[in-house]
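To keep things clear, I will list the structure first and then write my remarks on it.
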Amino acid sequence: MSSTFFVLQNIPTLHLTMTHISEQELLRRKKKEDLEALGINPYPPELFTSTTNTHLILQDYPNSPEAFQNVKLAGRIMSRRIMGAASFVELQDAKGKIQLYFHRDTLCKGEDKTLYNTVFKKLLDIGDLIGIAGYVFTTNVGEITIHVKALTLLAKSLHPLPIVKEDENQVYDAFTDLEQRYRQRYVDLLITPATRKIFHQRTQMIQVMRNYLNGHGYEEVETPILQPLYGGASARPFTTHHNTLDMKLYLRIAPELYLKRLIVGGYEGVYEIAKDFRNEGMSRFHNPEFTMLELYVAYKDYLWMMDFTEALIEHIALQLHGTTQVTVDEQCIDFKRPWKRFTMYEAIAHYTGIDISQMGEAELRATAKQLAIDIEPSAGVGKIIDEIFGAKCEPHLIQPTFITDYPVEMSPLAKKHRNDSRLVERFEAICNGKEICNAFSELNDPLEQRKRFEEQLALGKRGDTEAMVLDEDFLRALSYGMPPTAGVGIGIDRLAMIMTNAASIQEVILFPQMRAV
RNA sequence: GAUUCCGUAGCUCAGCUGGUAGAGCAUCUCCCUUUUAAGGAGAGGGUCCUAGGUUCGAACCCUAGCGGAAUCACCA
């Protein structure tokens with residue numbers, strides 16, 4: 001006994017405890033047994049083939065009723081109204097809901113009314129999955145309904161489902177507890193149409209993106225998530241361990257360095273829709289794992305990439321919404337090209353009235369103080385400029401705007417600006433006050449890259465936990481020669497938030513990270 | 001990590017100044033042949049997040065913890 005406990009304690013489980021079983025659950029278990037006693041398998045193995053779906057019926061029945069005289073459909077019971085020998089049920093499938101009409105003598109042709117009186121009325125519940133066959137008609141009050149002639153139980157539900165009701169104007173008893181919605185997303189998806197819509201739109205957004213990139217001849221690849229060295233971003237990684245190799249591994253923080261290796265290897269356009277992992281704070285804009293599109297195109301520069309990104313995102317908005325205008329937090333955001341473009345210096349001058357372009361570190365520090373921005377003593381020129389921008393400019397940038405030409409210290413993987421060696425050829429797109437993408441003319445000088453890595457190592461030695469590490473193999477790849485290349489990273493979750501008007505990143509991630517309970 | 005707010009039935013929520021735990025929907029029973037968020041009538045259902053404390057008495061006040069949300073910090 002005690003050894004059993006010992007073993008169990010070492011197995012990570014979300015719920016080891018035998019949770020309290022409610023009266024309603026006990027009743028459903030009893031109903032399941034009663035069904036079995038009647039010879040009905042509550043979890044039958046056979047397939048069930050539908051001939052149509054709820055959406056097609058509602059859409060096409062009015063024009064061609066003859067096509068719907070013999071339909072088969074599977075779905076979940078979402079509500080029941082039983083009135084003696086006649087009953088109405090709402091059936092939900094992946095495409096929507098439709099009303100079913102059951103009548104005792106239609107369902108049970110002979111003398112034996114067990115299927116209706118016992119199975120349907122007593123032993124089925126809201127939440128059960130059923131298959132039906134019947135014909136479509138319109139009720140006296142004008143609702144398109146299926147008159148059910150045959151009924152099969154496909155799976156018994158043992159846990160009561162929250163009941164959400166709605167009319168044209170209102171939703172009643174909506175399932176609103178955010179914790180429950182995220183932890184039990186399966187319930188949320190079943191009963192909250194807005195949730196289904198968000199995730200369908202997210203899927204659609206990624207499909208549109210992929211089609212657009214494929215249409216340009218760019219190739220989708222997969223690069224390692226488990227990496228012996230992490231790189232491509234400034235962030236703290238997750239670590240793990242491989243038993244056979246007895247080796248420390250990192251979960252990637254970005255696919256960047258591997259995708260550039262592929263450019264060296266001869267790919268001229270390559271992208272990955274990558275899950276990245278960063279061991280940092282969580283908030284309504286940050287989940288520990290998130291999705292990033294990274295795209296690299298050979299023989300291009302950041303100015304070309306700006307045009308491409310603008311066109312891609314405009315295209316996404318058009319495909320999702322039929323217009324370039326998207327409503328976010330009551331505001332209308334218009335992705336129609338061309339977007340505004342500011343250099344970082346111009347943006348700061350515009351929003352603070354101060355021209356910092358010629359300032360040295362001491363003067364920048366004084367300016368930050370004057371603007372009431374806290375700057376850490378360890379911060380260098382680049383960091384101070386970034387802080388000023390973040391505090392004074394970013395929140396004002398609601399309409400999509402490109403910010404270009406960042407300080408070199410902030411961008412160890414970007415090529416120096418063709419006209420100003422203090423800057424790099426980099427842009428970010430800011431939308432609704434948040435960064436949605438980040439792009440450079442990629443640094444392809446292997447010796448310069450080594451120097452930048454060494455500067456990062458020095459930062460790391462000084463205690464910067466997000467400083468990059470030196471990747472010798474990446475430098476070796478660069479030294480074979482990488483064509484001039486433009487690269488961009490687009491935060492898929494952030495973009496999905498904007499495209500679906502979601503208030504938090506948790507709303508656009510099916511299973512956001514939560515604390516263990 | 002800091003601050004503020006929240007945690008009551010399957011779901012949505014009331015619960016006043018500390019005095020027997022409440023409603024609607026869902027569930028159950030009975031009635032009922034086309035209903036429209038909910039057909040009618042009746043009934044059952046609670047670890048008031050957890051553990052302490054104060055008090056004659058705690059869902060309510062205090063302390064600690066757990067979980068969540070918002071704002072801030074870090075970051076994308």
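Naming: A, B, ... by sequence-line order, numbering from 1 per chain.
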Given [options], identify the nucleotide with an atom nearest to the side chain of [X].
| X | options | result |
| --- | --- | --- |
| A/Tyr182 | B/G10, B/C25, B/A69 | B/A69 |
| A/Met514 | B/U34, B/C11, B/G68 | B/G68 |
| A/Ile126 | B/U27, B/U36, B/G45 | B/U27 |
| A/Ile163 | B/G68, B/A26, B/U71 | B/A26 |
| A/Ser283 | B/A73, B/G10, B/C32 | B/A73 |
| A/Gln99 | B/A38, B/C32, B/U36 | B/U36 |
| A/Leu178 | B/C28, B/C11, B/A69 | B/A69 |
| A/Lys121 | B/U33, B/U27, B/C32 | B/C32 |
| A/Ile505 | B/U34, B/C28, B/A76 | B/A76 |

- prompt: Who is the Watson-Crick or G-U wobble partner of B/A23, with both distances under 3.5 Å?
  reply: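 Matched B/A23 with B/U12 under the 3.5 Å cut-off.
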
Specify the separation, in whole Å, of atom [atom1] of [X] and atom [atom2] of [N].
| X | N | atom1 | atom2 | result |
| --- | --- | --- | --- | --- |
| A/Gln24 | B/G46 | CD | C1' | 13 Å |
| A/Gln170 | B/A37 | CD | P | 11 Å |
| A/Ile253 | B/C74 | CD1 | P | 19 Å |
| A/Leu158 | B/U27 | CG | P | 15 Å |

- prompt: Which comes earlier along RNA chain B counting from the 5' end, the contact point of A/His103 or that of A/Glu90, where each point is its nearest nucleotide?
  reply: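 Its nucleotide being nearer the 5' end, the pick is A/His103.
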
A/Gln506 vs A/Ser234, nearer the 5' end of RNA chain B by closest nucleotide: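 Its nearest nucleotide being more 5', the pick is A/Gln506.
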
Enclosure of [X] [atom1] (heavy-atom neighbours >12, cutoff 6.0 Å):
| X | atom1 | answer |
| --- | --- | --- |
| A/Lys113 | NZ | yes |
| A/Arg81 | CZ | yes |
| A/Glu222 | CD | no |

message: We want to know whether A/His147 and A/Tyr101 form a side-chain donor-acceptor pair, criterion being a heavy-atom distance below 3.5 angstrom.
response: no

Would you say the side chain of [X] and the base of [N] hold a donor-acceptor pair, judged only by whether the two atoms sit under 3.5 Å apart?
| X | N | result |
| --- | --- | --- |
| A/Glu143 | B/U36 | yes |
| A/Ser22 | B/U27 | no |
| A/Asp177 | B/G68 | no |

message: Classify A/Asp276 by what it touches in the nucleic acid, base, sugar-phosphate, or nothing, heavy-atom distance under 4.0 Å.
response: nothing

Closest non-hydrogen atom pair, A/Gly487 against A/Tyr296: CA-CD2, 3.6 Å

task: Could you tell me whether the side-chain ring of A/Phe290 sits stacked on the base of B/A76, using a centroid cut-off under 5.5 Å and a plane angle under 30°?
output: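 Here the ring of A/Phe290 and the base of B/A76 are stacked, with centres under 5.5 Å and planes under 30°.
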
